[in-house]
There are 2 protein chains.
Amino acid sequence: MINKSGIFSKSCSHALKAATFVGKKGLENKAVKLKEIAEEINSPLAFTAKILQKLVKANIIESNRGAKGGFFITKVNLKKVVLKDIVFAIDGEGSYSGCALGFEKCSASKPCALHFQILPIREKLKETLVSTTLKDLARAVDENNTFLKE
Amino acid sequence: MINKSGIFSKSCSHALKAATFVGKKGLENKAVKLKEIAEEINSPLAFTAKILQKLVKANIIESNRGAKGGFFITKVNLKKVVLKDIVFAIDGEGSYSGCALGFEKCSASKPCALHFQILPIREKLKETLVSTTLKDLARAVDENNTFLKE
DNA sequence: TTTAAATCGGACATTCTTATCTTAATTGAT
DNA sequence: ATCAATTAAGATAAGAATGTCCGATTTAAA
Ligand code: FES
Ligand code: FES
């Protein structure tokens, strides 16, 4: 999953930020409009729209069209959705279980040259991605302990 | 650094494989030709050439042109070069110290929403990348414990 | 019923990564 | 000197990721 500037692809980090902001508003049962989301996470409007649509299709957040519409997340999902769900929805599974050197499939029976070095790191990453909920992130942002833009 | 199919960019994983193979031959003080490298790591010839050139410019491996030419690594470098050096040479520094959500710079004073989750993973990755030498990888491949292609 | 506010969805444009092609430069052997 | 083998380097192409645009659709309210 490693690329030239950070851990996640841009799409994925925009998705994580967008979902976190929707989650933050979800803490108080509010829906938010696309425009507000894009501004709040400092991400291009149209591109943010595309990403939000993916999150909707992946049943992570929901949306309402028309006047008074917007994006929102249910209490249930806010608690249930973990980071892995978002990463999968945007980048797919390969991103967190693929072989470090590009083998078709990571396996201990034909380990690549980096297998034993990378495996523990990937395990730690997986553990974090499945144990961190969107609510965790949303709360931290809501309490001003962490931020969605610089 | 995370992308759609594995931990490193393709360029970077080709570089790691190529360097490891050159390193394996370096264990017995042999130079190898581009063609042999590309075949051995299952990577396109011309693209492999480009990557090898970057490794040469980064003083990780060396090359000789002309008949009987090829790529090789000195005993000193084989022992001294760590994975970080290769990753830096190909993908640059951002790849392992950039902010997970794309902030200009990762900092505890303005942590992004994922900072506290990602930091320990990145630290573990860094630790691995600086403590694993090319010789370590080359040896494991030489002993058939790990592989460079499927 | 009309209108304005939103999201949806597909086509399009741009930029970055990956890959190829071609020509030059270098070197050892004949 | 010439030739063949080999890396170096730059131009170019193909593909994927990122980003934009615009018209269609849905909805609430006037
Ligand atoms: S085989 Fe490459 S990471 Fe496991
Ligand atoms: S600020 Fe984003 S990872 Fe540290």
Side-chain angles (χ1 to χ4, degrees), chain A residues 1-6 8-18 22 25 30-39 41-58 60-73 87 89-92 94-95 101-102, chain B residues 1-6 8-18 22 30-39 41-73 87 89-92 94-95 98 102:
Chain A
M1 310 188 189
I2 303 194
N3 74 30
K4 202 149 285 193
S5 48
F8 303 103
S9 69
K10 273 191 186 175
S11 295
C12 199
S13 66
H14 285 151
L16 289 162
K17 288 187 275 191
V22 172
K25 291 298 186 171
K30 281 185 190 161
V32 260
K33 283 173 285 188
L34 167 62
K35 197 180 167 199
E36 191 183 352
I37 299 173
E39 275 167 8
I41 69 174
N42 211 35
S43 159
L45 189 83
F47 194 46
T48 306
K50 280 285 141 67
I51 289 166
L52 286 166
Q53 280 168 40
K54 282 193 189 173
L55 295 179
V56 169
K57 283 198 177 147
I60 290 168
I61 60 176
E62 302 182 46
S63 67
N64 277 330
R65 297 214 268 194
K68 302 274 171 176
F71 297 88
F72 64 99
I73 187 167
V87 172
I90 306 298
D91 280 349
S95 53
L101 294 187
Chain B
M1 310 187 188
I2 303 190
N3 76 28
K4 201 148 286 191
S5 49
F8 303 103
S9 69
K10 271 192 188 174
S11 295
C12 198
S13 67
H14 285 151
L16 289 162
K17 287 187 276 192
V22 172
K30 281 185 188 159
V32 261
K33 283 174 285 188
L34 167 62
K35 197 181 167 198
E36 192 184 351
I37 299 173
E39 274 165 10
I41 69 174
N42 210 35
S43 158
L45 190 82
F47 194 45
T48 306
K50 280 284 140 69
I51 290 166
L52 286 165
Q53 280 168 39
K54 281 192 191 174
L55 295 178
V56 170
K57 282 197 178 152
N59 298 308
I60 290 169
I61 61 176
E62 303 182 43
S63 69
N64 277 329
R65 299 213 266 195
K68 303 275 172 175
F71 296 88
F72 64 98
I73 186 167
V87 173
I90 306 298
D91 279 351
S95 55

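- Counting only heavy atoms from C-beta on, R65(B) has its side chain closest to dA8(D) among dA8(D), dT27(D), dT20(D).
- The separation between F47(A) atom CZ and dT15(C) atom P is 14 Å, rounded to whole Å.
- Each of G66(A) and P44(A) lies near DNA chain D, and the nucleotide nearest P44(A) is the one positioned closer to the 5' end.
- Position along DNA chain C of the nearest nucleotide to A67(A) versus A49(A) favours A67(A) as the more 5'-ward residue.
- OP1 or OP2 of dC8(C) sits under 4.0 Å from a side-chain N or O of S63(A).
- Close to dG19(D), at under 4.0 Å from its OP1 or OP2, lies a side-chain N or O of K10(A).
- At the phosphate of dT6(D), OP1 or OP2 sits under 4.0 Å from a side-chain N or O atom of K33(B).
- In this structure, the side chains of K57(B) and K54(B) stay at 4.5 Å or more apart for every pair of heavy atoms.
- One atom, CG of N64(B), and another, P of dA4(D), lie 22 Å apart when rounded to the nearest Å.
- Counting to the nearest Å, the C1' atom of dG19(D) and the CG atom of L34(A) are 14 Å from each other.
- Residue H14(B) contributes atom NE2, which lies 6 Å from atom P of dA19(C) at whole-angstrom precision.
- The distance between atom CD1 of I90(B) and atom P of dC16(C), rounded to the nearest whole Å, is 19 Å.
- For S11(B), taking side-chain heavy atoms from C-beta onward, the closest of the listed nucleotides dT18(C), dT18(D), dC8(C) is dT18(C).
- For dA9(D), one of the phosphate oxygens OP1 or OP2 lies less than 4.0 angstrom from a side-chain nitrogen or oxygen of K57(B).
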Point to revise | Step-by-step side-chain contact (heavy atoms from CB on, under 4.5 Å) determination, L16(B) to F8(B) | key: CA-CA 10 Å; L16(B) 289 162; F8(B) 303 103; 4.0 Å; yes
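- Atom-to-atom, NZ of K54(B) to P of dT18(C) comes out at 9 Å; the value is rounded to the nearest Å.
- Distances were taken from every side-chain heavy atom of F71(A) (C-beta onward) to each of dA8(D), dT18(C), dT7(C); the shortest belongs to dT7(C).
- Between L45(B) atom CG and dT6(D) atom P there is a gap of 12 Å when expressed in whole angstrom units.
- At least one side-chain heavy atom of K35(B) sits under 4.5 Å from a side-chain heavy atom of E39(B).
- If you measure from atom CD1 of I61(B) to atom C1' of dT7(D), you get 11 Å, rounded to the nearest angstrom.
- Interface remark: the K50(B) side chain does form a donor-acceptor pair with the dG10(D) base, using a distance-only criterion of under 3.5 Å.
- In summary, of the residues considered (L55(A), I60(A), I37(A)), a side chain to side chain contact (heavy atoms under 4.5 Å, CB included) with V22(A) occurs for I37(A) alone.
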Check your understanding: Where do F72(B) and K30(B) land on the side-chain contact (heavy atoms from CB on, under 4.5 Å) test, with the steps shown first?
Key -> CA-CA 7 Å; F72(B) 64 98; K30(B) 281 185 188 159; over 6 Å; no
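- Distance from the side chain of Q53(B) is smallest to dA8(D) among dT18(D), dA8(D), dA28(D).
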